[in-house]
Amino acid sequence: MGNTAVKTESIISAYVHAYEEIEQEIAGLTEQQLRWKSSPSSWSVIEVLAHLVDHSIVVSFRIREILAGSPATLPGFNQDAWVAGQKANEEQISQLITIANGLVQYNSGLLERLSDEEWEKTGINFKGETVSLAAIIPGFVAHVQNHLKQIGRIKQELVEKQVQ
């Protein structure tokens with residue numbers, strides 16, 4: 001097994017396990033705690049997870065556009081407007097976790113079938129930058145990690161405000 005194959009396996013593994021830490025971090029939170037917001041403009045834990053599901057949908061599309069060789073600019077999205085517009089705080093956490101894990105499983109099966117050459121395929125993102133598929137997946141994992149920290153901050157505020 002070459003170095004590229006090992007790197008690819010590592011990228012896929014990190015992607016497959018991206019949501020596990022979030023599930024651990026939110027375990028035991030009450031319904032009120034999951035929906036609590038420190039201010040009207042801040043996100044609840046449920047809204048953070050809804051945003052990550054939205055991001056998974058967009059990443060799924062980006063993967064397929066790159067593999068198809070599409071000349072179209074890879075999509076971005078207005079995260080705050082998406083979260084607000086879909087009334088994300090009213091969603092059930094179990095539904096979001098199911099969808100998040102389903103998208104990861106669906107995409108990971110595709111990623112495992114790719115050749116080294118396909119991993120190096122590129123597209124142009126909404127910022128006008130050339131991005132490879134090999135960079136998009138670790139970027140998504142890093143994005144999930146950033147939001148894991150956000151959930152940790154929300155949990156700390158819950159403790160400080162004594163939200164049950």
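Start at 1 with the first residue, then count along the sequence.
The side-chain contact (heavy atoms from CB on, under 4.5 Å) test applied to P138 returns I11, not counting sequence neighbours. Applying the side-chain hydrogen bond (donor to acceptor under 3.5 Å, both in side chains) rule to N107 yields the partners Y15, S60, R64; only residues at least two apart in sequence or on another chain are considered. Taking the side-chain contact (heavy atoms from CB on, under 4.5 Å) definition, one finds that S10 meets it with nothing, sequence neighbours left out. When the side-chain hydrogen bond (donor to acceptor under 3.5 Å, both in side chains) test is applied to S132, no partner is found at least two apart in sequence or on another chain. Under the rule for a ring pair (Phe, Tyr, Trp, His ring centres under 6.0 Å), H17 has no partner lying at least two apart in sequence or in another chain. For Q86, the side-chain hydrogen bond (donor to acceptor under 3.5 Å, both in side chains) partners two or more places apart in sequence, or in a different chain, are D54. Every side-chain contact (heavy atoms from CB on, under 4.5 Å) that V163 has, sequence neighbours left out, goes to Q32, Q33, W36, L158, K161. Residues passing the salt bridge (charged side-chain N to carboxylate O under 4.0 Å, His left out) test with E31, sequence neighbours excluded: R35.
Evaluation of the salt bridge (Lys or Arg N to Asp or Glu O under 4.0 Å) test over residues 142-160, restricted to residues two or more places apart or in two chains, returns E25-K155. Sorted by first and then second residue, the salt bridge (Lys or Arg N to Asp or Glu O under 4.0 Å) pairs with a member in residues 70-93 form an empty list; sequence neighbours excluded. Among residues at least two apart or in separate chains, there is no salt bridge (Lys or Arg N to Asp or Glu O under 4.0 Å) pair with a member in residues 115-142.
Counting only distance, with no hydrogens or angles, the side chain of E47 and the backbone of S44 share a donor-acceptor pair below 3.5 Å.
Annotation for V58: hydrophobic cluster partners, listed by chain and number, are F77, W82 (ILVMFWY side-chain heavy atoms under 4.5 Å, direct or chained).
One side chain, S56 or Y19, offers a donor N or O that lies under 3.5 Å from an acceptor on the other.
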